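Reading through the structure tokens given below for one structure.
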Amino acid sequence: MKFTKSYEPGEFEPQIYAEWEKTGVFQPRKIVAESYEAETQDCYSVVMPPPNANGNLHIGHGLTIALEDSLVRYNRLRGKSTWYVPGADHAGFETWVVYERALEKQGRTRFEYSRDELYARVWQFVQEQRGNMELQLRALGASCAWPDLTFTLDENVVSRVYQTFEKMWNDGMIYRGEKLVNFCPKHQTAFADIEVEHKDEEGKLWEVAYQLVSVPEDMIDSASDFTKREIVVSTTRPETIFGDTAVAVNPADERYQDMIGGLVKLPLTERVIPIIADEHAEMEYGTGAVKITPAHDFDDFEVGERHGLERIRVIGEDGKMTAAAGEKYAGLTTEECRKQVLENLEAQGLLRGEKKITHAVAHCYKCGAVIEPMLKAQWFIDVKRLAKAAIEHLERGEIKFHPANKKKVLINYLEGLKDWNISRQIPWGIPIPAFRQTETQDAPEWIFDIRTNLQKIEVGGVHYYRDEDTFDTWFSSSHWPVVCTNWLPGKENPYYPLNVMETGADILFAWVARMIMMGVYVTGEVPFREVYLHGLVLDEHGQKMSKSKGNVINPMELVTKYGSDAFRLGILRGRSAGMNQAFSENSVMAGRNLCNKLWNISRFIQGMVDESHSGSVVAAEMIQAEAEAEVVNEGAVQAGAELPYSTDNMGEDWICRELTACKDEIEDDMANYRFSEAVETLYSVIWDKYADWFIESQKIYKNVPLLKMTLEMILKMLHPFAPFVTEAIWQSLSWTEGLLIVQKWPTRLVFDAVSAQNFESLMVVVSETRRVLTELSGASKGKKWTLLYGDDSLVDDNQLLLTKLTGVASVISCEGQPRGLRLALVNHEVYLDVPAEIVAEYRDNLEQRILSVGRELDALNLRMMNPNYVDKAPAALVKQTRDGIAEKTALIERLKGELRVIE
RNA sequence: GGGUCGCUAGCUCAGUUGGCUAGAGCAUCUCGUUUACACCGAGAGGGUCGGGGGUUCGAGUCCCUCGCGACCCACCA
């Protein structure tokens, strides 16, 4: 391959990915087999949160892949047998909604088909749509084990879920109960608590008078005129009046003491209901009296339980009033009914007031419809036991969280968790393996059986009928780490628990909590050792992305435009665990620029390598020989150290030091999931250090073996984050072999510390010279000045390098006769040989500089004058301050000397 | 009602256990046709770290308090 002038990601990415995949490097080296001996230390496992099988990847997936794949590639380079298991989600409800919409477009409804027909149709639909997301994962560079891709409806998933269900069934943790559930009338299904969205909304609180028809006997005297009396209740849902079975007041409420135990006539009906005392009624709220509708309100349901009240369903699953509401109202929508009820109450003079209030209203998270609390027989899991065990493992510190505070948040959630409704009335999902004795919806006897492909089964001569409901997808996906790693009871599995679970912070409760509960329940172990939660990717202004706002960023467009690596680098930068953070194309552009920079660094190095093998080698060697003649390499390499190259100048020791520090930092960052910092470190070492200083210095002193070795090291270190460009370079270089993806992570380099330090000192000379030169450029544009030096061996040894880096005409000794402008350097005697009039022009700058250094000096002196500081601060710090004072004092003296020369 | 997080340069964010003159990317300004790169190079400007108080020799960092913003949980009729 030949190096083009700039890196074109599109020309490399597809082929490179195909080659990785083809050669099998994504597969774990160690597989789970009968004879496998566990060497957990060598294994590293991550499972992908499964994207919707028939969907497209969004920006959140892009972040997930960037994070997970970086971890996986980093650990692969570190020699681990990595297993990154990809997944695809049948996404029960999500997909069902999409399918039902498509069905409706054809003018059909779900009611025209049987459950099995619908299931088959959605299966077909998903197969037709499938595949995009998998291509997109490849485009993002996910180095996952494709042959092990797990679909959430795969046979092994279903059978594992059934085993758990059976275990829970036998453990008495599953029960069927008629309880109030969150029901979406649009989608005709129940939801778990976690799936409903509460939104504060404007509403109205009406006050309705209920006439008393009797009072308790012992109070007959005090309420002799009770027939004229009434009790005014407060309600936000007058349409549910037909379901009222009591009016509740607080037992401590003096206003209503004499009414407790009495009866009222329910307005608009002929029914008579009791007045009861219950803590649920708050004295301060509204009138203090509340109507109780056990079949349509979660609180009232509980009140009803406590008082043994009847549950009357007045709203049906279609969201319309039932016959129980009376023939005048049956069939009306709740909204229409409310209107009529209010009108009729008004007409009868029973409406006593109305005021605006703000209250939380439950909505379907998908369609926004108001959730109707509905009385339904459903399967529930008694989660107390699950939660308790999970909390115990969490409190023992078996899972490390990033960010750490999420552990507390999770425990807090688990402690208050209520029983979990796992029945869903949608056909697309895993059928619940339960059969009832009768054909009607509810039956006294249920049995567990996994023959869910049959509607009717026979057991011991008795017929049983399948429950038509499916599992909540979170019930099956809570098994994800277990099923993806093929965990089996009694069998060693070095990939379970996972090393880390990476997913969005938004599904901490819905998914992470359930995986932990289920993992502990099924395997007795936590399912993962660490959890990394990423926040939401917001748009560039910090706004949530949404279709309606039109600010959605498509990751695939960015990949096409700037390359996969650029996208990955861009999305990782400036991002930390658990935080919702803004994202813009700018950061992707910066990533693209880095890729191009590295590409050109490599192109340049390849050029030097080629040169050293060709005819022009003579010229190169001459320069090098010339350079070496000038260099007195004072810093000896550490005794006993063996180097794969020889260090000929200080810059080489310096870059070895910097690259080693970089390597250490990346290891530290990755151990702590500090992706952004790792990328930042690499960015700075490649650009600000390697390219700006080392490569520049290598234009004078060529050390080809070192150039090769350091470039390889950089490629390896950047590979986890920018896999394509690094592999493309690796493939394009003339001397490298094999695939970069399976190379060995670099080791520390040996360097001479004194030499490295000297180079840094020289860098200061260069920077100062450049700064002064730009400041002078106005008056003396285009002229090339000479740099003079006095008693300065470091400068003396590096004339060529200084000339190259500063762009001066030459660097020569002033031979004891200093002239021109002295640079404001503490440890060096260097002059810029400009005429006196230019030095005079520099006078203002000099004065400013003196003032500024003076201020710094004052600050240091002030610190030293504080006896407490000298006493209590660490000695090293105090010494530093002292040295600083000495340096700055000397510097000021010099600058003042300059000023005197000018005058 | 309970809880979490954030407020640092024009923008988006770093700043790990308190310690040199608070950093980066992008943006802005000046200069630059040095044969790896204009997806570049050299330089510059820009912050009383949300307000107030406290602890400390020393606070962006720890504590208290107030303000603003975001999010999560919760059955207030």
Side-chain angles (χ1 to χ4, degrees), chain A residues 3 5-7 180 193-194 198 205 233-237 248 280-282 285-287 289-293 297-302 357 359-360 362 373 403 405-406 408-409 412-413 416 505-506 508-509 535-536 538 540-542 544 562 566 570 573-576 578-587 589-608 668-669 672 674 676-677 680 683-684 691-692 695-696 699 767 770-771 773-775 777-778 781 804 806-807 852 855-856 859-860 863 866-874 876-877 880-881 883-884:
Chain A
F3 280 102
K5 195 172 179 190
S6 64
Y7 174 60
L180 274 191
D193 294 343
I194 193 133
H198 287 93
L205 187 67
V233 304
S234 299
T235 180
T236 52
R237 300 201 62 187
H280 164 65
E282 281 183 35
Y285 195 90
T287 61
V290 56
K291 66 192 211 55
I292 301 298
T293 321
D297 183 281
F298 289 98
D299 291 331
D300 294 1
F301 181 84
E302 283 176 20
I357 54 154
H359 61 152
N405 70 304
K406 295 291 180 188
K408 201 172 73 183
V409 174
N412 185 45
Y413 168 76
D506 52 333
L508 174 64
F509 298 154
L536 250 44
L538 308 174
E540 58 184 326
H541 304 295
K544 215 166 170 171
Y562 299 106
R573 279 191 108 177
R575 203 161 291 281
S576 49
M579 297 247 294
N580 298 346
Q581 278 158 328
F583 172 70
S584 76
E585 207 163 315
N586 271 345
S587 60
M589 282 165 66
R592 185 262 323 254
N593 293 353
L594 179 68
C595 293
N596 189 246
K597 185 76 182 178
L598 185 61
W599 178 260
N600 274 288
I601 287 170
S602 308
R603 180 155 84 111
F604 179 70
I605 290 175
Q606 181 64 59
M608 294 223 262
D668 191 48
D669 288 336
N672 294 294
R674 296 157 64 88
S676 180
E677 287 78 357
E680 210 66 53
Y683 202 101
S684 137
D692 289 353
I695 293 278
E696 287 306 314
K699 287 176 179 171
S767 296
R770 284 171 174 170
R771 199 176 70 81
L773 281 172
T774 47
E775 277 175 13
S777 66
K781 200 170 173 171
K804 168 77 185 162
T806 59
S852 137
R855 276 194 296 272
E856 290 165 18
L860 293 179
R863 196 173 300 171
N866 181 343
N868 280 323
Y869 174 73
V870 182
D871 253 21
K872 295 182 183 172
L877 198 67
Q880 230 174 49
T881 311
D883 293 350

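Quick note on labels: first sequence line is chain A, next is B, and so on, each numbered from 1. Computed over heavy atoms, backbone and side chain alike; hydrogens, waters and symmetry mates excluded. Bear in mind the structure is a predicted one, so any value in this text is a computation, not a measurement.
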Notebook entry, point to check: Expressed as a whole number of Å, how far does the C1' atom of B/C5 sit from that of B/C13?
Noted result: 15 Å

Next item on the list: Have a look at A/S576 and say if it touches a base, only the backbone sugar-phosphate, or nothing, with a 4.0 Å heavy-atom cut-off.
Entry: sugar-phosphate

Check: Just checking A/A248: base, sugar-phosphate only, or nothing, at a heavy-atom cut-off of under 4.0 Å?
Finding: nothing

What nitrogen or oxygen pairs link the protein and nucleotides 43-50 of chain B at under 3.5 Å?
residue : atom : partner : partner atom : Å
B/G43   : O2'  : A/T774  : OG1          : 3.2

Item checked: Spacing of A/E282 atom CD relative to B/G1 atom P, expressed in whole Å -> 12 Å

Margin query: My understanding is that only residues two or more places apart in sequence, or in another chain, count here; which of them pass salt bridge (charged side-chain N to carboxylate O under 4.0 Å, His left out) with A/D299?
Written below: none

Checklist line | Heavy-atom side-chain proximity of A/I357 to A/T236 below 4.5 angstrom | finding: yes

Report, one pair per line, the protein and nucleotides 19-23 of chain B atoms (nitrogen or oxygen only) whose separation is under 3.5 Å.
residue : atom : partner : partner atom : Å
B/U21   : OP1  : A/R863  : NH2          : 3.4
B/U21   : OP2  : A/R863  : NH2          : 3.2
B/U21   : O4   : A/K888  : NZ           : 3.0

Check: Just how far, in rounded Å, is C1' of B/A14 from CZ of A/R575?
Finding: 13 Å

Note to self: Would you measure the distance from the C1' atom in B/G6 across to the matching atom in B/G15 and give it in whole Å?
What the structure shows: 15 Å

Item checked: Atom pair NZ (A/K291) and OG1 (A/T293), whose distance is rounded to the nearest 0.5 Å -> 3.5 Å

Check: Does A/R592 make a cation-pi contact with A/Y7, if we ask for NZ or CZ under 6.0 Å from the ring centre and within 45° of the axis?
Finding: no

Next item on the list: Using the P atom on both, measure B/U28 against B/G10 and round to a whole Å.
Entry: 15 Å

Notebook entry, point to check: Taking the P atom of each, how far is B/A9 from B/U61, in whole Å?
Noted result: 15 Å

Distances for protein N/O vs nucleotides 25-27 of chain B N/O pairs under 3.5 angstrom?
residue : atom : partner : partner atom : Å
B/C26   : O2'  : A/N586  : OD1          : 3.4
B/C26   : O2'  : A/N586  : ND2          : 2.6

Item checked: Inter-residue atom distance A/Q581.CD - A/S676.OG, 0.5 Å rounding -> 8.0 Å

Checklist line | Close side-chain approach of A/V290 to A/V233, heavy-atom, < 4.5 Å | finding: no

Checklist line | Heavy-atom side-chain contact between A/Y562 and A/E585 under 4.5 Å | finding: yes

Check: When Watson-Crick pairs (N1 to N3 and N6-O4 or O6-N4) and G-U wobble pairs (N1-O2 and O6-N3) count only below 3.5 Å on both distances, what is the dot-bracket string of RNA chain B, with | for other-strand pairs?
Finding: (((((((..((((.....[...)))).(((((.......))))).....(((((..]....))))))))))))....

Notebook entry, point to check: How many angstroms lie between atom CD1 of A/I292 and atom CG of A/D300, to the nearest 0.5 angstrom?
Noted result: 4.0 Å

Item checked: Set of ring pair (Phe, Tyr, Trp, His ring centres under 6.0 Å) partners for A/Y413, sequence neighbours left out -> A/F509

Checklist line | RNA chain B: 5'-proximal contact among A/G286 and A/E540 (nearest heavy atom) | finding: A/E540

Next item on the list: Please list, chain by chain and in numerical order, all residues satisfying side-chain hydrogen bond (donor to acceptor under 3.5 Å, both in side chains) with A/D883, sequence neighbours excluded.
Entry: A/K879

Margin query: So does A/R770 get a backbone contact from the side chain of A/T774, meaning a donor-acceptor N/O pair under 3.5 Å?
Written below: yes

Checklist line | Residue list, salt bridge (charged side-chain N to carboxylate O under 4.0 Å, His left out) with A/E696, at least two apart or on another chain | finding: A/K699

Next item on the list: Starting at atom CG of A/D297, determine the distance to atom C1' of B/C75, rounded to an integer number of angstrom.
Entry: 7 Å

Checklist line | Interatomic spacing from CE in A/M589 to CG in A/L594 - rounded to 0.5 Å | finding: 14.0 Å

Under 3.5 Å, N/O pairs linking protein and nucleotides 34-36 of chain B:
residue : atom : partner : partner atom : Å
B/A36   : O3'  : A/R603  : NH2          : 3.2
B/A36   : O2'  : A/N600  : OD1          : 2.4
B/A36   : O2'  : A/R603  : NE           : 3.3
B/A36   : O2'  : A/R603  : NH2          : 3.0
B/A36   : N7   : A/K699  : NZ           : 3.2
B/A36   : N6   : A/E696  : OE2          : 2.8
B/A36   : N3   : A/N600  : O            : 3.4

Next item on the list: Taking only the side-chain nitrogens and oxygens of A/K291, find out if one of them lies under 4.0 Å from OP1 or OP2 of B/A77.
Entry: no

Next item on the list: Identify, between A/D668 and A/G574, the residue whose nearest nucleotide on RNA chain B lies closer to the 5' end.
Entry: A/G574

Margin query: Using whole Å, what does the distance between atom C1' of nucleotide B/A77 and atom CG of A/L205 come to?
Written below: 7 Å

Item checked: Separation of atom CH2 in A/W599 from atom P in B/C40, rounded to whole Å -> 16 Å

Margin query: What's the gap between B/C73 and B/U21 when it is taken at their P atoms, as a whole Å value?
Written below: 46 Å

Notebook entry, point to check: If you round to the nearest 0.5 Å, how far is CE of A/M579 from CG of A/L536?
Noted result: 12.5 Å

Notebook entry, point to check: From A/L205 CG over to A/T287 OG1, what is the distance, rounded to the nearest 0.5 angstrom?
Noted result: 8.0 Å

Checklist line | salt bridge (charged side-chain N to carboxylate O under 4.0 Å, His left out) partners of A/R575, counting only residues at least two apart | finding: none

Next item on the list: Side-chain contact test, heavy atoms from C-beta onward, threshold under 4.5 Å: evaluate it for A/I695 versus A/F604 and give yes or no.
Entry: yes

Item checked: Per-nucleotide protein contact string for nucleotides 68-73 of chain B, where B marks a base within reach and S marks sugar-phosphate only (heavy atoms under 4.0 Å, - for neither) -> ----SS

Item checked: A/A566 versus A/C595, closest heavy-atom pair with distance -> N-SG, 4.3 Å

Checklist line | For atom CD of A/E302 and atom C1' of B/C76, their distance in whole Å | finding: 13 Å

Next item on the list: Determine: side-chain N/O of A/H359 to OP1/OP2 of B/A77, distance under 4.0 Å, yes or no.
Entry: yes

Notebook entry, point to check: Rounded to the nearest Å, what distance is computed from the CZ atom of residue A/R237 to the P atom of nucleotide B/C75?
Noted result: 16 Å

Check: When rounded to the nearest Å, what value does the distance between C1' atoms of B/U8 and B/C68 take?
Finding: 16 Å

Checklist line | Flag, side chain of A/S602 to backbone of A/L598, donor-acceptor distance under 3.5 Å | finding: yes

Next item on the list: Could you give the distance separating B/U17 and B/U4 at their C1' atoms, to the nearest angstrom?
Entry: 24 Å

Margin query: Donor-acceptor pair, distance only, cut-off 3.5 Å: does the side chain of A/N412 make one with the backbone of A/K408?
Written below: no

Check: If the P atom of B/A74 is compared with that of B/U55, how far apart are they to the nearest Å?
Finding: 42 Å

Next item on the list: Looking at every strand, decide which applies to A/S584 at a 4.0 Å heavy-atom threshold: base, sugar-phosphate, or nothing.
Entry: nothing

Next item on the list: Please identify each residue that fulfils side chain to side chain contact (heavy atoms under 4.5 Å, CB included) with A/Q606, with sequence neighbours left out.
Entry: A/F3, A/V609, A/D610, A/L733, A/S734, A/W735

Notebook entry, point to check: Looking at A/Q581, does any N or O in its side chain come under 4.0 Å of the phosphate oxygens OP1/OP2 on B/C5?
Noted result: no

Item checked: Value in whole Å for how far the C1' atom of B/U4 lies from NZ of A/K406 -> 6 Å

